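First the structure, in the form of structure tokens, and then the observations on it.
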Amino acid sequence: MQADIPAQFPTLEALNTGIVNCNRCPRLRTYCAEVARLRRRAYIDWEYWGRPVPSFGDPEARVLALGLAPGAHGSNRTGRPFTGDGSGDFLYPVLYEAGFASQPTATSRNDGMKLTDLWITSVGRCAPPENKPTTEELSNCSIWLDQELRLLKNLRVVVCLGRIAFDGFLAHEARMNKIGARSAYIFAHGAEYTLPSRRIAITSYHPSLQNTNTGKLTKPMFMAVFERARQLARL
Ligand code: SF4
């Protein structure tokens, strides 16, 4: 890990530029670049993004969707969260029906997608081998989440996609001295917590193929999460 702590960025746009140029995790930067060099046969004509993936959405958002990390051939290929893989194919139709996304399909950074009242990010910004960032890598990347949550001035509701995202959000609240013991907050699909910071966390199973192909997470279950987020954010 590099010892540097980046400066406080004044805007979300500037923060995204800082994220894209981050080199704090050599293992992940090497992996992302290597995946981009080798590519998957189905995407052999693509020029992979191959770097940290910037966040995406509406800077005035009242709702945040917080994921785990980019997929090697999804976001690491397209350069936009949940774009170009099975998780995104499950997520964006729900966001469209819930009124957060302008279209149900997400294929590339230039597909015309616009988000309203929603910002999407993740606790890890570089694709990890086997979808498993190390504890140290998640800790390295938490500096970006801290700055992002400071810059999302209207934020009310955080939809945590999976246990690791929920843990990452709670760790942020603890770093900000907003919560003490984290044991009061238990992950379960559809759980809801109003935190002392007045932000509300909703937890959901992650829309990974492992969960959606097995029926652990169904479309109605996922719709209910984002409809509840709308309600809590008073949209
Ligand atoms: S995972 Fe986060 S901290 Fe690590 S190199 Fe990528 S952007 Fe930087």
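What you see is a predicted model, and the numbers here were worked out from it, not measured in a lab. Indexing begins at 1, ligand by ligand and atom by atom, following the structure's order.
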Practice task
Would you mind running through ligand 1 and noting each atom that sits below 4.0 Å from a heavy atom of L28?
Solution key: 1 (S)
Exercise for the section: Enumerate the atoms of ligand 1 whose separation from the nearest heavy atom of N140 is less than 4.0 angstrom. Expected result: 3 (S)
Exercise for the section: Could you find the nearest protein heavy atom to atom 2 (Fe) of ligand 1 and give me its residue, atom name and distance? Expected result: C141 SG, 2.3 Å
Exercise for the section: Considering the heavy atoms of R125, write down every atom of ligand 1 situated less than 4.0 Å from one of them. Expected result: 1 (S), 2 (Fe), 7 (S)
Handout entry: Matching residue for I120 among L95, L64, V159 - test: side chain to side chain contact (heavy atoms under 4.5 Å, CB included)
Key = L95
Handout entry: Metal proximity, C25 vs atom 4 (Fe) of ligand 1, N/O/S cut-off 2.8 Å
Key = yes
Handout entry: Top protein contact for atom 8 (Fe) of ligand 1, by heavy-atom distance
Key = C22 SG, 2.2 Å
Handout entry: Neighbour count >12 (heavy atoms, 6.0 Å) for atom OH, Y96
Key = no
Practice task
Over 60° means perpendicular and under 30° means parallel, so classify the ring planes of W46 and Y43, tilted if in between.
Solution key: perpendicular
Problem - Face-on cation placement of R230 at F100 ring, 6.0 Å and 45° thresholds - result: yes
Problem - Pair F226 + F222: ring centers closer than 6.0 Å - result: yes
Problem - Any donor-acceptor N or O pair under 3.5 Å, side chains T78, T83 - result: no
Practice task
Mind checking whether C126 contacts ligand 1 via backbone (N, CA, C, O), side chain (CB onward), both or neither, at a 4.0 Å heavy-atom cut-off?
Solution key: both
